[in-house]
Each structure stands twice: as C-alpha cells, then as structure tokens.
**Student:** 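Before we start, here is the structure in question, set down as structure tokens.
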Amino acid sequence: MADCARSMVSRWEEQVASHGGQVVIELSSQFEELTADVMSHTAFGSSYAEGKQVFMALKELQFIAFSSLLSVQIPGSRYFPTKKNLRVWRLDKKVRSTLMEIINNRLAAKEKAGGYGDDLLGLMLEACAPPELGTKGQPQLLSMDEIIDECKTFFFAGQETTSHLLTWTMFLLSTHPEWQEKLREEAVRECGGGDDDQLPTDVMLGKLKLLNLFLLETLRLYSPVPMIRRRTRAPVEMGGVTVPGGTILTFPIATMHRDEEVWGADAGEFDPMRFDGCRGGGGAKAALLSFSVGPRACIGQNFAMVESRAVVAAILRRFKLSLWPEYVHAPTDVITLRPKHGLPMIVTGVHA
Ligand code: HEM
C-alpha cells in the first residue's frame with residue numbers, strides 16, 4: 001500500500017516541479033487508479049499487472065451494468081448480440097481467461113515456490129486445497145468459479161469505496177487547514193519527513209491517532225456507502241412497529257449519521273474529536289455505520305483504514321493542498337457517494 005502511494009506522490013512531485021511549484025490535480029481519478037493498484041498488488045502479488053487488467057475489465061463491466069439500470073429491459077434482450085452485449089461477453093471472457101491463467105501459473109509454480117503465495121489469491125488457493133485435503137479425491141473447499149467470484153467481490157467492494165473515502169478526506173483537509181497542519185505534523189513525527197525515501201511500517205501507521213479520528217469523522221459525514229438494505233427473515237418488532245417477515249428495510253446511513261438524537265446538537269459540524277476515546281467517543285464509534293455492523297459487516301474495514309492512513313500520510317508529508325476555486329460541491333449517490341464533478345485541488349510542495 002505504502003509503495004503504491006509513494007509511486008503516486010512521486011508522479012505528483014514531477015508534475016509540481018515541471019509546473020513551477022504548483023499544479024492542479026483532479027484527485028478522485030488519482031485515487032481510483034491508486035486503489036485499483038493497491039488491490040491488484042494485495043490480491044495478486046507478483047501477477048499484479050495481469051490482475052490489474054482483470055480489474056479494469058471489471059470496472060468497465062460495472063459501468064455498463066449501472067448505465068443500463070434505468071433503461072427499459074425487454075425480456076430476453078441480454079441474449080441479443082447487440083454492440084453492448086458483445087462487449088460485455090468479450091470483457092467477461094477476458095476476466096475469466098486472465099484469472100484462469102494467473103491461477104494455473106500459481107498451481108504450476110507451487111512446488112518450486114514452496115506454496116501458493118501470501119497474497120489474497122494465494123490464501124484462497126490454500127483454502128481451496130489445504131495440504132491435508134489437497135490430495136486427489138478429497139473435497140475442495142472453494143471451486144475455481146468461487147475463487148473467480150471472490151476476486152470480483154473484493155474488487156467491487158474494496159476499490160471504489162476506499163477511493164471515495166480518500167477523496168472526501170482530502171476535501172475535508174482542504175476545508176480545515178488547521179487539521180491539515182496538525183495531521184502533517186503527526187505524519188512527519190511518526191513516519192519521517194517526505195524527503196527521505198523511507199516507507200512507513202505498520203507500527204508507524206498505527207501511531208497516526210489524529211489521522212484515524214479524522215478518517216472516522218470523514219466516514220460519518222461522507223459515508224462512501226450511503227445506505228444498506230436488509231430483508232427481515234421473520235416478523236420483527238422495531239420501535240413499536242411490527243415489520244412483517246420478508247420486508248426489505250433500507251438504512252439511510254448518511255441521514256442516520258447526522259441525527260442529533262444520536263450525535264448531539266453538533267451533529268452537522270465537523271469535529272473528529274467526537275471519536276476520541278478520552279472524550280467518551282466509544283458511543284460515537286458504535287453509532288458509526290459506514291462499514292455496517294454485525295456478522296455481515298465489512299470484512300475489509302481494517303484494510304481500508306490502513307490503506308487510507310498510508311496514502312494520506314504519504315501525501316501530507318510532501319504536499320499542501322487547497323481547493324481549486326472553481327470546485328463545485330455536489331456529492332452524488334450512485335450506489336457509492338462520489339463528488340459529481342471530481343475534486344480538483346491545488347497541490348504545492350510542502351517546502352514551497
Ligand atoms: C472505506 C472503504 C469501505 C467501506 C465504506 C465499506 C463498506 C462496506 C459496507 C457498508 C458493507 C456492508 C454492505 C451490506 O451489507 O449491504 C461492506 C461489505 C463488504 N466489504 Fe467493505 N467497505 C470498504 C472497503 C472494503 C475493502 C477494502 C474490502 C476488501 C479488501 C471490502 C470488502 C467487503 C466485503 C467482501 C463485504 C461483504 C461482507 C459480507 O457480506 O460478509 N470492503 N463494506
């Protein structure tokens with residue numbers, strides 16, 4: 001994660017230098033690219049370049065699926081060889097064949113490499129054929145199709161969401177320059193200045209306490225997943241109302257995160273310190289629903305928080321950020337909460 005963040009900030013440094021010390025960069029697209037990079041590296045390790053191609057194909061498939069949501073669906077039309085369907089079939093085939101190739105290479109290299117590897121794919125292959133069950137005739141825990149589906153799920157669930165968290169964090173840092181300064185001091189103190197090429201360790205990232213509070217407050221005000229749904233399995237009593245079984249309930253996270261009854265009269269204000277344990281922030285953490293709660297809560301929440309700390313620290317150690325004057329604030333809910341017109345920022349070297 002830290003390595004991917006360093007590559008991104010190095011590119012920014014070149015841009016800043018070649019534009020006389022200051023440049024406008026649209027951050028949301030930068031983070032889309034970065035989070036795809038991080039996911040490809042953690043999921044596929046050394047095969048990350050091929051993995052990234054898979055993710056790019058999935059991204060296009062997701063785009064086609066969402067752009068079709070509002071169009072009228074003629075029954076059976078998904079089997080017609082239209083231009084769009086042909087593209088979908090081609091992308092689907094590419095995703096499958098590339099993943100199969102990566103997986104087959106891993107299986108072939110297992111003996112020589114002494115295992116399947118310690119990335120997500122390696123862990124899934126271990127689960128698929130653990131040593132004690134991996135001999136012929138023993139049941140597989142995950143089929144090849146399930147492994148392929150898991151790869152898709154991790155990308156869909158973890159890439160865009162984390163990218164939006166980073167984008168909104170940068171937005172709030174630019175509107176709260178005093179926090180930007182505080183977090184920069186903390187990042188330099190715990191991870192070193194940006195001049196050295198040192199990558200922060202997990203221990204260093206774990207010490208970024210103020211940054212953690214800042215990320216939690218960002219999640220509260222700009223939850224990347226603004227609503228979730230659940231279906232009741234049986235009739236259930238909720239707040240004096242009996243909800244029949246089989247009902248779909250929508251939890252409007254974005255609205256609930258600004259509820260004064262839960263968060264207090266300053267629910268609409270930006271205040272990361274509400275999550276500070278010393279100030280009784282335990283209740284605040286329990287009310288935060290950005291990663292959902294319970295048995296189906298987000299499996300990647302620690303992943304997302306560590307990644308965000310690594311990226312924000314890498315940026316703050318090297319740059320100051322301020323909002324481009326022509327930025328238009330328009331958070332838009334397209335399944336995830338994104339800035340409709342992107343996030344253009346003026347990026348300046350920290351020593352400028
Ligand atoms: C800021 C970033 C993230 C946010 C806000 C987020 C939010 C959520 C939410 C709200 C859910 C529950 C959805 C529901 O039940 O309807 C969820 C589930 C899930 N998330 Fe995340 N997520 C993030 C990052 C990640 C990452 C980085 C990964 C993978 C590395 C990931 C993997 C998953 C998976 C696999 C599930 C399904 C879990 C299950 O159903 O048991 N998420 N996420």
Side-chain angles (χ1 to χ4, degrees), residues 1-2 4-5 27-28 31-45 48 51-52 54-55 58-59 62 118-124 127 142 146-172 202 205 211-233 247-257 272 275 285-312 331 333-339 343:
M1 288 167 180
C4 293
L27 295 195
S28 67
F31 293 145
E32 292 264 315
E33 174 91 29
L34 172 70
T35 48
D37 248 1
V38 168
M39 199 57 98
S40 315
H41 276 92
T42 31
F44 299 115
Y48 92 92
K52 198 165 172 200
V54 171
F55 287 155
L58 284 174
K59 188 110 206 141
Q62 187 183 24
D118 60 358
D119 48 27
L120 178 70
L121 180 64
L123 296 177
M124 281 196 284
L142 285 176
E146 282 169 327
I147 292 188
I148 291 177
D149 282 348
E150 288 295 325
C151 291
K152 293 182 186 173
T153 302
F154 269 80
F155 180 72
F156 284 137
Q159 186 259 334
E160 209 167 83
T161 43
T162 314
S163 162
H164 296 332
L165 171 58
L166 287 167
T167 299
W168 294 120
T169 302
M170 289 298 140
F171 167 73
L172 286 169
D202 54 345
L205 294 175
L211 174 52
N212 200 46
L213 301 180
F214 196 95
L215 290 170
L216 293 174
E217 182 68 339
T218 307
L219 283 167
R220 184 180 75 87
L221 290 173
Y222 292 94
S223 186
V225 179
M227 72 162 70
I228 51 175
R229 296 212 164 110
R230 290 289 182 271
R231 188 195 298 268
T232 54
R233 287 213 296 211
T247 309
I248 293 180
L249 300 171
T250 298
F251 295 84
I253 297 178
T255 314
M256 292 164 85
H257 277 178
F275 287 102
K285 274 186 192 142
L288 192 73
L289 298 173
S290 298
F291 292 115
S292 181
V293 283
R296 301 310 294 263
C298 177
I299 199 172
Q301 51 188 295
N302 288 338
F303 185 114
M305 293 302 275
V306 173
E307 179 177 353
S308 303
R309 282 201 286 264
V311 174
V312 177
D333 173 7
V334 194
I335 311 220
T336 50
L337 191 75
R338 64 190 69 214
L343 181 66

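Predicted, not measured: the structure shown is a model, and the values here were computed from it. Counting starts at 1 for both ligands and their atoms, following the listed order.
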**Student:** Heavy-atom distance under 4.5 Å between the side chains of Thr336 and Thr161, does that happen here?
**Tutor:**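 Thr336 vs Thr161: side chains touch.
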**Student:** Suppose the criterion is salt bridge (Lys or Arg N to Asp or Glu O under 4.0 Å): which pairs have a residue in residues 157-168, not counting sequence neighbours?
**Tutor:**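 Residue pairs passing salt bridge (Lys or Arg N to Asp or Glu O under 4.0 Å), neighbours aside: Lys59-Glu160, Glu160-Arg338.
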**Student:** Write out all pairs satisfying salt bridge (Lys or Arg N to Asp or Glu O under 4.0 Å) with one or both partners inside residues 218-230, taking only residues at least two apart or from two chains.
**Tutor:**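 Checked against salt bridge (Lys or Arg N to Asp or Glu O under 4.0 Å) - neighbours excluded - the pairs reaching residues 218-230 are Glu217-Arg220.
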**Student:** The criterion is side-chain hydrogen bond (donor to acceptor under 3.5 Å, both in side chains); which residues satisfy it with Thr35, sequence neighbours excluded?
**Tutor:**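 Applying side-chain hydrogen bond (donor to acceptor under 3.5 Å, both in side chains) to Thr35 gives Gln159.
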**Student:** Take a 6.0 Å sphere around CG of Asp118 and say whether it holds more than 12 heavy atoms from other residues, nucleotides or ligands.
**Tutor:** no
**Student:** Decide yes or no for His164 and Tyr222: does some side-chain heavy atom of the first lie under 4.5 Å from some side-chain heavy atom of the second?
**Tutor:**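 With C-beta onward as the side chain, the pair stays apart.
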**Student:** Is the number of heavy atoms from other residues, nucleotides or ligands within 6.0 Å of CG (Leu249) greater than 12?
**Tutor:**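 Yes, enclosed.
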**Student:** Name the orientation class of the two ring planes belonging to Phe55 and Phe44 (parallel below 30°, tilted from 30 to 60°, perpendicular beyond 60°).
**Tutor:**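 Because their plane-to-plane angle lies in the 30° to 60° range, the rings of Phe55 and Phe44 count as tilted.
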**Student:** So, does His41 use its side chain to make a donor-acceptor pair with the main chain of Tyr48 at under 3.5 Å?
**Tutor:** no
**Student:** Take atom 21 (Fe) of ligand 1 as the centre and count protein N, O or S atoms at distances under 2.8 Å.
**Tutor:** 1
**Student:** Do any nitrogen or oxygen atoms of Arg296 lie less than 3.5 angstrom from nitrogen or oxygen atoms of ligand 1?
**Tutor:**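 N/O-N/O distance below 3.5 Å exists for this pair.
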**Student:** In terms of atom number and element, which parts of ligand 1 are under 4.0 angstrom from non-hydrogen atoms of Leu165?
**Tutor:** 1 (C)
**Student:** Measure the distance from atom 13 (C) of ligand 1 to every protein heavy atom, then report the residue, atom name and distance (to 0.1 Å) of the closest one.
**Tutor:** Ile228 CG2, 3.9 Å
**Student:** Centroid-to-centroid, Phe303 to Phe154, below 6.0 Å?
**Tutor:**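 They do not qualify: ring centres at least 6.0 Å apart.
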**Student:** Identify, by atom number and element, the atoms of ligand 1 in contact range of Phe303, meaning under 4.0 Å from any of its heavy atoms.
**Tutor:**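 Checking each atom against Phe303, I get 27 (C), 30 (C).
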**Student:** Hey, is Arg230 touching ligand 1 through its side chain, its backbone, both or neither, going by heavy atoms under 4.0 Å?
**Tutor:**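 For Arg230, the contact with ligand 1 is made by the side chain alone.
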**Student:** Identify the protein heavy atom lying closest to atom 38 (C) of ligand 1, giving its residue, its atom name and the separation to 0.1 Å.
**Tutor:**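 Checking every protein heavy atom, the shortest distance to atom 38 (C) of ligand 1 gives Ala297 O, 4.0 Å.
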**Student:** Given Phe251, Phe154, Phe156, identify the one with the heavy atom nearest to atom 30 (C) of ligand 1.
**Tutor:**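 Answer by nearest heavy atom: Phe154.
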**Student:** Have a look at Ser308, Ser290, Pro295, Ser223 and point out the one with the heavy atom closest to atom 5 (C) of ligand 1.
**Tutor:**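 Considering heavy atoms of Ser308, Ser290, Pro295, Ser223, the nearest to atom 5 (C) of ligand 1 sits in Ser290.
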